[in-house]
Peer 1: 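I'd like to ask you about the structure that follows.
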Amino acid sequence: MSKVATRFAPSPTGPLHIGGIRTALFSWLYSKNQKGKFYLRIEDTDKERSKDEYKDQIINSLKWIGIEHDGNEYIQSKKIDDHVKIANELLKKNYAYKCYCSSEEIEDQKKRAKQKKIPYIYNRKWRDLSEVDAPKDIKPVIRFKSKIKGSYILKDIVQGDIEIENDTIEDFVILRNDGTPTYNLCAAVDDHQMSMTHIIRGDDHKINTFKQIQIYEAMKWELPSFAHVPLIHTIDGKKLSKRDKASTLDDYSKIGIMPMALRNYLLRLGWSYKDKEIFTLEESINLFNLEGIGKSPSKLDMSRILSMNEHYIKNIDENDLFGQLNEYCKLFKKEIKQDKKDKIKKSLTFLKNKAKTLEDIFNNGQYIINDEVNYNQEDVKLIDDKARKVISDFSTQYEKIDTPSREILEPIINELIKSHATNFKGVGQPLRIMLTGSKFGPGIYDIILSLEKEQVQKRLTIKIT
RNA sequence: GGUCCCUUCGUCUAUCGGUUAGGACACAUGGUUUUCAUCCAUGAAAGAGGGGUUCGAUUCCCCUAGGGACCGCCA
């Protein structure tokens, strides 16, 4: 049996959405699971809409989530000569024919079909007509002579057997009248030339498969296996498209979702392995199989993405986490200053406890990252005269400390609670507000110890109404 | 409209004829905690409907309903 080869074949006409990324992920995982190859084919034959920036965006998106393709990208537009060659070969072998219908004629047929509420299907007018009768002023398209009799059963790995009457597949165009090849021809030729063993793609291509298979058969090529993955739906149950918000990778990376978390989420969306939820990259390669893919479309669930991200934030190595945070800030916020990096890194232990995203960590760490505190005006109001006294008393004690530590601070705080006849909140809250600008935040000891001594002193003596 | 596909808690899913229908997220309640969180415990929550087949159906078959995809000289 030949070595497994799969591919992902997007068209660079827009940013890749996460449905596409999941399909790519499945395809990639399967090839890696089988110790095979995974290729990337850029289907850029629509010259009008294809853009290089989208091509780059697609490659970067895949890289971001950890998918790397083998070999160079296969650029479909560079293979047009091959596609045309096959089209002519099909013509010669009488598997295709020239169709001289004008576009007006076709439009008219479609319109009438719509009026009569019957499905439009090309009427095969030129299938058996002699070219001698061809109008001179019309450049023909080449249509594939699709089977009319019988039916075909597609053995799909995910969807099972799908039977379709051959005559529902029309004589589709394989070469336009400007001589350029169309999708179904290109896809079939490329998949064959790239020696694909498994075509794993969205199930919006299911019907196309019946066209592509006929090209394979006409050319006497060995058929690959097919696995049509159900589409991802939006929360209202519609096919996810590039126009939907929160559909592209950027939408997730910019709020601080980490690649590993999104990868894990996407893996479990429409695929499962027993009750297992968390998969390392290695586990996902080792355990992935096509049989585990469900047949029904699944909906995107943001709260689950967040909780998956939260899980990774809390469980990965802190050096790794800091690396990700640093990258994130550089890309989407502002770069953390060199002298603050160490402090953030050390404080990750508690900063990450309140975070679902890297953005949350960034926000929680504002009081460390910035020298100036951004005071929440509502919270500041909580500081009354009594609180002010607590703050200044603490400040006096704090100044005497050489190297602050929890052991040293604890008795001081406890003493203040006693002398001011209050509780922990009475001391902790004013201090927290002074030091971070907010009444919410990490434990007071964590805050104090995460700041330079002079920073603490400065902030405690600052005048805020 | 035609063709094809799908249907288990709100969501992602487990179950491959016999289960108190399991897990995860979200949700609710309680506990820990010096705030917000975290963490822990508990709880509520599902087989679309109707027929068969069978000793027994969530599981197999049929019908209905609902949802989706496709129906381009786009990919």
Side-chain angles (χ1 to χ4, degrees), chain A residues 9-13 43-46 48-50 76 99 101 103 106-107 110 113-114 116-122 139-143 154 156 158-160 162-165 167-170 172-184 186-187 202-208 210 228 230-231 233 235-239 265 268-278 291-292 294-308 310-311 314 350 352-356 360 364 379 382 413-414 417 423-429 432-433 438-445:
Chain A
S11 59
T13 56
E43 306 212 327
D44 59 343
T45 52
D46 184 343
E48 301 271 302
R49 297 194 297 148
S50 295
Q76 191 164 61
C99 162
C101 289
S103 46
I106 300 287
E107 281 309 311
K110 282 185 190 168
K114 211 168 187 180
K116 282 198 242 167
K117 285 193 190 289
I118 55 170
Y120 164 75
I121 182 164
Y122 171 66
K139 276 168 103 182
V141 300
I142 296 182
R143 286 182 183 273
L154 168 64
D156 192 282
V158 172
Q159 313 263 342
I162 306 166
E163 181 170 12
I164 211 169
E165 295 297 321
D167 65 3
T168 58
I169 304 297
E170 69 167 347
F172 54 98
V173 173
I174 54 175
L175 220 56
R176 303 184 183 96
N177 65 6
D178 64 0
T180 59
T182 63
Y183 166 73
N184 281 298
C186 297
D203 74 1
D204 47 341
H205 283 294
K206 237 183 327 191
I207 304 295
N208 288 327
F210 293 90
H228 286 96
L231 266 15
H233 282 177
I235 205 73
D236 359 85
K238 295 273 188 281
K239 175 183 172 180
Y265 171 76
R268 276 289 285 101
L269 188 65
W271 181 82
S272 62
Y273 181 81
K274 299 179 183 169
D275 274 346
K276 196 169 167 61
E277 298 286 348
I278 304 299
E291 292 71 37
K295 295 171 95 174
S296 55
S298 33
K299 292 174 188 164
L300 230 37
D301 181 1
M302 194 59 197
S303 67
R304 213 173 149 82
I305 297 176
L306 287 171
S307 98
M308 187 64 81
E310 186 181 9
H311 176 270
K314 295 202 174 123
F350 59 87
K352 72 178 183 185
N353 269 337
K354 328 174 36 66
K356 281 181 161 32
D360 290 344
N364 295 340
D379 293 350
L382 293 171
I413 299 269
N414 288 335
I417 293 172
N423 55 18
F424 193 95
K425 194 176 168 189
V427 175
Q429 190 173 72
R432 181 181 291 110
I433 294 172
S438 166
K439 67 172 171 174
F440 303 128
I444 192 63
Y445 297 113

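Naming: A, B, ... by sequence-line order, numbering from 1 per chain.
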Peer 1: Using the C1' atom in both, what is the distance from B:rG22 to B:rC16, to the nearest Å?
Peer 2: 15 Å
Peer 1: Need the pair for B:rA65. Rule: Watson-Crick or G-U wobble, both distances under 3.5 Å, any strand; none if unpaired.
Peer 2: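 Check on B:rA65: paired to B:rU7, both distances under 3.5 Å.
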Peer 1: Between B:rU13 atom C1' and A:Lys276 atom NZ, what is the distance in whole Å?
Peer 2: 15 Å
Peer 1: Among all residues two or more places apart in sequence or in another chain, which pass the side-chain contact (heavy atoms from CB on, under 4.5 Å) test with A:Thr45?
Peer 2: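 A:Gln76, A:Cys186.
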Peer 1: Within the structure provided, determine whether A:Tyr265 and A:Leu300 are in side-chain contact (heavy-atom separation under 4.5 Å).
Peer 2: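 They are in contact (side-chain heavy atoms under 4.5 Å apart), so the answer is yes.
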Peer 1: Checking A:Glu48 now: which residues fulfil side-chain contact (heavy atoms from CB on, under 4.5 Å) with it, not counting sequence neighbours?
Peer 2: A:Asp46
Peer 1: Could you please name the partner base of B:rA28, counting Watson-Crick and G-U wobble pairs only when both distances are under 3.5 Å?
Peer 2: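 Because both required distances fall under 3.5 Å, B:rA28 counts as paired with B:rU42.
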Peer 1: Using atom C1' of each nucleotide, how far apart are B:rG49 and B:rA14 to the nearest Å?
Peer 2: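 Looking at atom C1' only, B:rG49 and B:rA14 are 24 Å apart.
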Peer 1: A:Ile121 has an atom CD1; how far is it from atom P of B:rG2, in whole Å?
Peer 2: 15 Å
Peer 1: Between B:rA75, B:rU35, B:rC6, which nucleotide gets closest to the side-chain atoms of A:Glu43?
Peer 2: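 In terms of side-chain proximity for A:Glu43, the closest of B:rA75, B:rU35, B:rC6 is B:rA75.
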Peer 1: Is a donor on one side and an acceptor on the other found under 3.5 Å between the side chain of A:Asp44 and the backbone of A:Ser50?
Peer 2: no
Peer 1: Give a yes or no on whether the backbone of A:Pro442 and the side-chain of A:Arg432 come within a donor-acceptor separation of less than 3.5 Å.
Peer 2: yes
Peer 1: Which is more 5' along RNA chain B, the nucleotide nearest A:Trp271 or the one nearest A:Lys314? Just name the residue.
Peer 2: A:Trp271
Peer 1: Counting C-beta onward and ignoring hydrogens, is there a side-chain heavy-atom pair between A:Thr168 and A:Ile121 closer than 4.5 Å?
Peer 2: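 When only atoms from C-beta onward are counted, A:Ile121 and A:Thr168 do not touch, as no gap falls below 4.5 Å.
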Peer 1: Determine the Euclidean distance between corresponding C1' atoms of B:rU59 and B:rG18; express it in Å to zero decimal places.
Peer 2: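 It works out to 11 Å between them.
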Peer 1: A:Asp156 CG to B:rC4 P: how many Å, rounded?
Peer 2: 15 Å
Peer 1: Reckon A:Pro442 touches a base, only the sugar-phosphate, or nothing at all at heavy-atom distances under 4.0 Å?
Peer 2: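 The answer is base, as A:Pro442 lies within the cut-off (heavy atoms under 4.0 Å) of a base atom.
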Peer 1: On RNA chain B, nearest-nucleotide positions of A:Gln159 versus A:Val141: which is more 5'?
Peer 2: A:Gln159
Peer 1: How long is the gap from NZ on A:Lys110 to OG on A:Ser103, to the nearest 0.5 Å?
Peer 2: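 A:Lys110 atom NZ to A:Ser103 atom OG measures 10.0 Å (nearest 0.5 Å).
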Peer 1: Only counting residues at least two apart or in another chain, list the ones meeting side-chain contact (heavy atoms from CB on, under 4.5 Å) with A:Lys439.
Peer 2: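 Listed in chain order: A:Asp379, A:Leu382, A:Gln429, A:Ile433.
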Peer 1: Of all residues at least two apart in sequence or in a different chain, which pass the side chain to side chain donor-acceptor pair (under 3.5 Å) check with A:Asp167?
Peer 2: none
Peer 1: Atom CD of A:Glu291 to atom P of B:rU13: distance rounded to whole Å?
Peer 2: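 Answer to the nearest Å: 16 Å.
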Peer 1: Could you give the CD-to-P distance, from A:Gln76 to B:rA75, as a whole number of Å?
Peer 2: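 Rounded to the whole Å, the gap is 8 Å.
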Peer 1: Which of these nucleotides, B:rU38, B:rU3, B:rU13, is closest to any side-chain atom of A:Ser272?
Peer 2: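 Nearest to the side-chain atoms of A:Ser272, counting from C-beta on, is B:rU13.
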Peer 1: Within the 4.0 Å heavy-atom criterion, would you say A:Gly441 contacts the bases, only the backbone, or no part of the nucleic acid?
Peer 2: base
Peer 1: The criterion is side chain to side chain donor-acceptor pair (under 3.5 Å); which residues satisfy it with A:Glu170, sequence neighbours excluded?
Peer 2: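 With neighbours one apart ignored, the set is empty.
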Peer 1: Going 5' to 3' through nucleotides 18-24 of chain B, assign each nucleotide B (protein heavy atom under 4.0 Å from a base atom), S (under 4.0 Å only from sugar-phosphate atoms) or - (no protein heavy atom that close).
Peer 2: ----BBB
Peer 1: Mind checking ring pair (Phe, Tyr, Trp, His ring centres under 6.0 Å) for A:His205 and listing every partner two or more places apart, or none if nothing turns up?
Peer 2: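 For A:His205 the ring pair (Phe, Tyr, Trp, His ring centres under 6.0 Å) partners, ignoring immediate neighbours, are A:Tyr183.
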Peer 1: Within the structure shown, what part of the strands sits under 4.0 Å from A:Glu163 by heavy-atom distance: base, sugar-phosphate, or nothing?
Peer 2: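 Sugar-phosphate, backbone atoms only, no base.
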Peer 1: Checking A:Lys425 now: which residues fulfil side chain to side chain donor-acceptor pair (under 3.5 Å) with it, not counting sequence neighbours?
Peer 2: none
Peer 1: Identify each atom pair where a protein N or O and an N or O of nucleotides 40-45 of chain B are less than 3.5 Å apart, giving names and distance.
Peer 2:
none

Peer 1: Going 5' to 3' along nucleotides 65-72 of chain B, which nucleotides have protein heavy atoms under 4.0 Å from the base (write B), which only from the sugar-phosphate (write S), and which from neither (write -)?
Peer 2: ---SSSSS
Peer 1: Categorize A:Tyr445 for me: base, sugar-phosphate, or nothing, with a 4.0 angstrom heavy-atom threshold over every strand shown.
Peer 2: base
Peer 1: Nearest whole angstrom, please: distance from the P of B:rU11 to the CG of A:Leu269.
Peer 2: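 That distance rounds to 13 Å.
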Peer 1: Please state whether the phosphate of B:rU11, meaning OP1 or OP2, lies under 4.0 angstrom from any side-chain nitrogen or oxygen of A:Ser303.
Peer 2: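 False: A:Ser303 side-chain N/O out of range (4.0 Å or more) of B:rU11 OP1/OP2.
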Peer 1: Between B:rA75, B:rC73, B:rC4, which nucleotide has the shortest distance from any of its atoms to the side chain of A:Arg143?
Peer 2: B:rC73
Peer 1: Please measure how far the P atom in B:rC6 lies from the corresponding atom in B:rG43, and state the result in whole Å.
Peer 2: 36 Å
Peer 1: Can you tell me, in whole Å, how much space there is between the C1' of B:rA45 and that of B:rA24?
Peer 2: 14 Å
Peer 1: Quick one: A:Leu300 CG to B:rC12 P, roughly how many Å, whole number?
Peer 2: 10 Å
Peer 1: With a 4.0 Å cutoff (strictly under), does any side-chain N or O of A:Thr45 reach OP1 or OP2 of B:rA75?
Peer 2: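 Indeed, a polar side-chain atom of A:Thr45 lies that close.
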Peer 1: In whole Å, I'd like the distance from the CZ atom of A:Arg432 to the P atom of B:rU35.
Peer 2: 8 Å
Peer 1: Return the pairing partner of B:rU33 with a 3.5 Å limit on both distances, Watson-Crick or G-U wobble; otherwise return none.
Peer 2: none
Peer 1: Give me the distance, rounded to whole Å, that separates B:rU54 from B:rU64 when you measure between the C1' atoms they each carry.
Peer 2: 23 Å
Peer 1: With rounding to whole Å, what would you report as the distance between B:rU53 and B:rC12 at their C1' atoms?
Peer 2: 33 Å
Peer 1: Could you work out, with side chain to side chain donor-acceptor pair (under 3.5 Å) as the rule, every residue matching A:Asn177, not counting sequence neighbours?
Peer 2: none
Peer 1: Is any side-chain N or O of A:Thr13 closer than 4.0 Å to OP1 or OP2 of B:rA75?
Peer 2: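 False: A:Thr13 side-chain N/O out of range (4.0 Å or more) of B:rA75 OP1/OP2.
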Peer 1: For A:Tyr122 and A:Val173, run side-chain contact (heavy atoms from CB on, under 4.5 Å): C-alpha distance rounded to whole Å, both residues' side-chain angles, the deciding distance at 0.1 Å, then the answer.
Peer 2: CA-CA 10 Å; A:Tyr122 171 66; A:Val173 173; over 6 Å; no
Peer 1: Please work out if A:Gly294 contacts a base, only the sugar-phosphate, or nothing of the nucleic acid, heavy-atom cut-off 4.0 Å.
Peer 2: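 Answer is nothing: A:Gly294 stays at 4.0 Å or more from every strand.
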Peer 1: Test of understanding: with ring pair (Phe, Tyr, Trp, His ring centres under 6.0 Å), list the residues that count as partners of A:Phe350, not counting sequence neighbours.
Peer 2: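 By the ring pair (Phe, Tyr, Trp, His ring centres under 6.0 Å) rule, A:Phe350 matches no residue at all.
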Peer 1: On a whole-Å scale, what distance lies between the C1' atoms belonging to B:rG1 and B:rU58?
Peer 2: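 One C1' to the other, the span is 34 Å.
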Peer 1: Looking across every strand, which nucleic acid part, if any, lies under 4.0 Å from A:Lys295 by heavy atom: base, sugar-phosphate, or nothing?
Peer 2: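 Sugar-phosphate only.
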